[in-house]
*Asks:* 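Before we start, here is the structure in question, set down as structure tokens.
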2 protein chains.
Amino acid sequence: MRSDTNRPDTVATQAPDQHESVRLGSLEHYLAFHLRMAQCASFKAFKRRSGDCSLKPGWFALLSLIGDNPGITPMALSRASGRDKSTLTPVLRELAANCMIERQELKGDKRSYTLSLTAKGKCELAVLATHAIQHDREIEEIAGSDKDVLLDLLRRITAQFD
Amino acid sequence: MRSDTNRPDTVATQAPDQHESVRLGSLEHYLAFHLRMAQCASFKAFKRRSGDCSLKPGWFALLSLIGDNPGITPMALSRASGRDKSTLTPVLRELAANCMIERQELKGDKRSYTLSLTAKGKCELAVLATHAIQHDREIEEIAGSDKDVLLDLLRRITAQFD
DNA sequence: TATTGTTATACTCTATAACTATA
DNA sequence: TATAGTTATAGAGTATAACAATA
């Protein structure tokens with residue numbers, strides 16, 4: 001979506017014809033709509049930036065959680081990431097197949113197992129994290145002195161609707 | 001995801017066992033991560049709130065754009081919403097099948113056609129909009145006096161990565 | 001040649017329900 | 001009975017590429 005500072009209520013289209021601009025209309029003033037647009041644009045940019053990585057950008061949060069909580073179980077990971085346990089199975093399988101994570105016996109409960117990053121996983125995560133930091137720096141620059149306000153607001157929105 | 005004001009670096013899990021809390025770790029300070037969490041939580045809440053509507057919550061933006069731009073073409077709608085034209089086809093087909101939108105000949109270009117809401121479409125959109133307004137009010141309350149700052153930041157993030 | 005809309009296809013993310021092994 | 005993890009399945013949401021009709 002393109003923004004037009006002279007006409008903040010419209011979006012320029014790519015072909016300048018009779019449909020050159022579209023009124024965002026009532027959408028323009030919804031916080032939730034702009035939250036969606038901003039997240040979508042940010043995630044697409046992160047995907048573009050990290051496209052050459054061996055780790056998929058959508059897995060960054062999961063990998064980070066494992067890296068920061070070695071020995072975490074799939075269930076704990078499911079709860080921490082807010083995703084159903086069934087969505088983790090294929091991801092963990094592929095990560096294990098690519099030697100990014102290791103599974104080990106969980107003493108005291110044979111139903112479960114623990115997860116941790118391999119040396120390769122740590123290395124690849126570090127590469128992806130570099131892109132993530134650069135990406136986040138771009139958002140920080142936009143926010144400027146309002147960075148902490150933005151972070152606090154986003155945390156409170158998440159907590160509110162949880 | 002649950003927040004714990006006493007331990008902002010952790011997430012409580014639902015079963016209080018030895019895995020009670022998980023360190024968010026490096027994730028904690030990424031603006032992009034919290035943008036994603038906030039959007040996800042907000043959208044889920046909007047879906048919950050509008051679950052009894054005949055219009056799907058994900059279609060609100062599209063319907064609003066048609067309502068505010070009667071006579072818009074699918075291509076213009078595609079550009080305005082930032083989605084590929086091919087993703088619009090099934091949505092517009094279902095909306096037309098449910099008598100929410102009307103398609104009319106576009107004079108001067110037989111390849112395309114114009115879109116507008118039917119009376120029923122306007123009515124159902126109004127119901128959905130009521131939920132959207134209530135939902136947005138919740139976010140406004142969180143933001144308080146920072147509402148305008150937040151809106152401006154989100155717009156600039158969208159524009160930056162566009 | 002370029003553009004509009006459609007179709008075919010596929011990938012990501014996500015969820016629910018049923019299943020198994022274990023607790 | 002309840003829980004951990006897996007499997008099967010499904011549904012949004014999105015994208016690319018190829019196509020027919022038209023410009």
Side-chain angles (χ1 to χ4, degrees), chain A residues 1 13-20 36-37 39-41 43-48 50-51 55-62 71-97 101 103-115, chain B residues 1 13-20 36-37 39-41 43-44 46-48 50-51 55-62 72-97 101 103-115:
Chain A
M1 187 168 292
T13 58
Q14 280 154 353
D17 56 12
Q18 73 264 36
H19 300 295
E20 185 175 355
R36 194 163 151 79
M37 289 291 107
Q39 198 282 315
C40 189
F43 194 60
K44 276 182 192 166
F46 180 51
K47 275 200 279 198
R48 275 198 301 272
S50 60
L55 291 172
K56 297 186 189 175
W59 297 356
F60 179 63
L62 233 41
I72 193 173
T73 62
M75 269 310 292
L77 193 57
S78 160
R79 289 191 278 255
S81 62
R83 304 215 231 132
D84 191 86
K85 58 193 163 89
S86 71
T87 68
L88 260 41
T89 303
V91 181
L92 296 178
R93 178 167 35 211
E94 190 169 337
L95 285 171
I101 60 169
R103 315 189 204 211
Q104 284 183 303
E105 276 186 18
L106 176 60
K107 307 288 182 190
D109 193 340
K110 287 184 179 172
R111 295 172 304 178
S112 187
Y113 55 82
T114 66
L115 294 163
Chain B
M1 188 165 292
T13 58
Q14 280 153 354
D17 57 12
Q18 73 265 35
H19 300 294
E20 186 176 353
R36 193 162 153 80
M37 291 290 105
Q39 197 283 314
C40 188
F43 194 61
K44 276 183 191 166
F46 180 51
K47 275 200 278 197
R48 275 198 301 273
S50 61
L55 291 172
K56 298 187 189 175
W59 296 355
F60 179 64
L62 233 41
I72 192 173
T73 62
M75 267 312 291
L77 193 56
S78 158
R79 289 189 278 254
S81 62
R83 304 216 231 132
D84 191 87
K85 57 194 165 85
S86 71
T87 69
L88 261 41
T89 304
V91 181
L92 295 178
R93 177 165 36 209
E94 191 170 335
L95 285 171
I101 59 169
R103 315 187 204 212
Q104 285 183 303
E105 274 186 19
L106 176 60
K107 308 286 182 193
D109 192 341
K110 287 185 180 172
R111 295 171 305 176
S112 188
Y113 55 83
T114 67
L115 295 162

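Per chain, numbering begins at 1; letters A, B, ... match sequence-line order. Keep in mind it's a predicted model, so treat the numbers as computed, not measured. No hydrogens, no waters, no symmetry mates; every other heavy atom, side chains included, goes into these values.
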*Asks:* Rounded to the Å, how far apart are B:Glu105 CD and D:dA21 C1'?
*Replies:*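 Atom-to-atom, B:Glu105 to D:dA21, this comes out as 15 Å.
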*Asks:* Using atom CZ of A:Arg111 as one end and atom P of D:dT1 as the other, report the distance to the nearest whole Å.
*Replies:*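 Between P of D:dT1 and CZ of A:Arg111: 17 Å.
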*Asks:* Please report the distance, rounded to the nearest Å, between CZ in A:Phe46 and P in C:dC13.
*Replies:*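 Checked: the CZ to P distance equals 11 Å.
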*Asks:* Any side-chain N or O of B:Lys110 under 4.0 Å from OP1/OP2 of D:dA23?
*Replies:*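 No, no such contact exists.
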*Asks:* Please work out if B:Lys85 contacts a base, only the sugar-phosphate, or nothing of the nucleic acid, heavy-atom cut-off 4.0 Å.
*Replies:*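 Touches a base.
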*Asks:* Where the side chain of A:Thr114 meets the backbone of A:Thr73, is there a donor-acceptor pair that is under 3.5 Å apart?
*Replies:*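 A pair under 3.5 Å: no.
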*Asks:* Across the strands shown, which category fits A:Lys47 at heavy-atom distances under 4.0 angstrom: base, sugar-phosphate, nothing?
*Replies:*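 Result for A:Lys47 = nothing.
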*Asks:* What is the distance from CE of B:Met37 to P of C:dC13, rounded to the nearest Å?
*Replies:*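 Going from B:Met37 (CE) to C:dC13 (P), I get 12 Å.
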*Asks:* Say you draw a straight line from CZ of A:Phe43 to CD of B:Gln39; how long is it, rounded to the nearest 0.5 Å?
*Replies:*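 Between A:Phe43 CZ and B:Gln39 CD, I get 11.5 Å after rounding to 0.5 Å.
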*Asks:* Taking only the side-chain nitrogens and oxygens of A:Tyr113, find out if one of them lies under 4.0 Å from OP1 or OP2 of C:dT22.
*Replies:*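 Looking at the OP1 and OP2 atoms of C:dT22, neither is under 4.0 Å from any side-chain N or O of A:Tyr113.
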*Asks:* Could you say whether B:Lys56 or B:Gly108 is positioned toward the 5' end of DNA chain D, judged by the nucleotide with the nearest heavy atom to each?
*Replies:*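 Its nucleotide being nearer the 5' end, the pick is B:Lys56.
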*Asks:* Where do A:Leu77 and A:Leu92 land on the side chain to side chain contact (heavy atoms under 4.5 Å, CB included) test, with the steps shown first?
*Replies:* CA-CA 11 Å; A:Leu77 193 57; A:Leu92 296 178; 4.3 Å; yes
*Asks:* What nucleotide, of D:dA4, C:dT14, D:dT22, holds the atom closest to the side chain of B:Asp109?
*Replies:*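 Nearest to the side-chain atoms of B:Asp109, counting from C-beta on, is D:dT22.
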*Asks:* So how far is it from A:Glu105 CD to A:Ser112 OG, rounded to the nearest 0.5 Å?
*Replies:*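 Those atoms lie 11.5 Å apart.
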*Asks:* So, is B:Arg103 close to the C:dT6 phosphate, meaning a side-chain N or O under 4.0 Å from OP1 or OP2?
*Replies:*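 Answer yes for this pair, as a side-chain N or O of B:Arg103 is under 4.0 Å from OP1 or OP2.
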*Asks:* Hey, what do you get for CD (A:Glu94) to CD1 (A:Ile101), rounding to the nearest 0.5 Å?
*Replies:*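 Atom-to-atom, A:Glu94:CD and A:Ile101:CD1 are 10.5 Å apart.
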*Asks:* Return the nearest nucleotide to the side chain of B:Thr87; candidates are D:dA15, D:dT22, D:dG13.
*Replies:*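 Within the option list, the nearest is D:dA15.
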*Asks:* Supply the atom-to-atom distance A:Leu62 CG to A:Thr87 OG1, rounded to the nearest 0.5 angstrom.
*Replies:*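 That separation rounds to 8.0 Å.
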*Asks:* Send over the distance from A:Leu55 CG to C:dT12 P, rounded to a whole Å.
*Replies:*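 Atom-to-atom, A:Leu55 to C:dT12, this comes out as 13 Å.
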*Asks:* It should be established whether B:Arg93 places a side-chain nitrogen or oxygen under 4.0 Å from OP1 or OP2 of nucleotide C:dT7.
*Replies:*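 Yes, such a contact exists.
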*Asks:* Send over the distance from A:Arg48 CZ to D:dA15 C1', rounded to a whole Å.
*Replies:*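 Atom-to-atom, A:Arg48 to D:dA15, this comes out as 14 Å.
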*Asks:* OP1 or OP2 of D:dG13 sitting under 4.0 Å from any side-chain N/O of B:Trp59?
*Replies:*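 It does, given that an N or O in the side chain of B:Trp59 lies less than 4.0 Å from OP1 or OP2 of D:dG13.
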*Asks:* Is there a donor and acceptor pair, one atom on the side chain of B:Ser86 and one on the base of D:dT16, closer than 3.5 Å?
*Replies:*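 A donor-acceptor contact between them is present.
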*Asks:* Tell me which nucleotide among C:dT22, D:dG5, C:dA2 gets nearest to the side chain of A:Thr73.
*Replies:*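 Of all the options, the side chain of A:Thr73 is nearest to D:dG5.
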*Asks:* Could you state the atom-to-atom distance from CG of A:Leu92 to P of D:dG5 in whole Å?
*Replies:*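 Nearest whole value for this atom pair: 9 Å.
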*Asks:* Rounded to the nearest Å, what distance is computed from the CE atom of residue B:Met75 to the P atom of nucleotide C:dT4?
*Replies:*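 After rounding, the gap between these two atoms is 4 Å.
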*Asks:* B:Arg83 has a side chain; which of C:dG5, D:dG13, D:dT14 sits nearest to it?
*Replies:*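 For B:Arg83, the side-chain atoms sit closest to D:dT14.
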*Asks:* What's the closest nucleotide to the A:Phe43 side chain, out of C:dT4, C:dC13, C:dG5?
*Replies:*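 Among the listed nucleotides, the one closest to the side chain of A:Phe43 is C:dC13.
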*Asks:* Verify the contact: side-chain N or O of A:Lys44 to OP1 or OP2 of D:dA15, cut-off strictly under 4.0 Å; return yes or no.
*Replies:*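 Checking D:dA15 against A:Lys44, a side-chain N or O does come within under 4.0 Å of OP1 or OP2.
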*Asks:* Does D:dT6 have its OP1 or OP2 closer than 4.0 Å to a side-chain nitrogen or oxygen of A:Thr89?
*Replies:*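 So the side chain of A:Thr89 is within the cut-off, an N or O lying under 4.0 Å from OP1 or OP2 of D:dT6.
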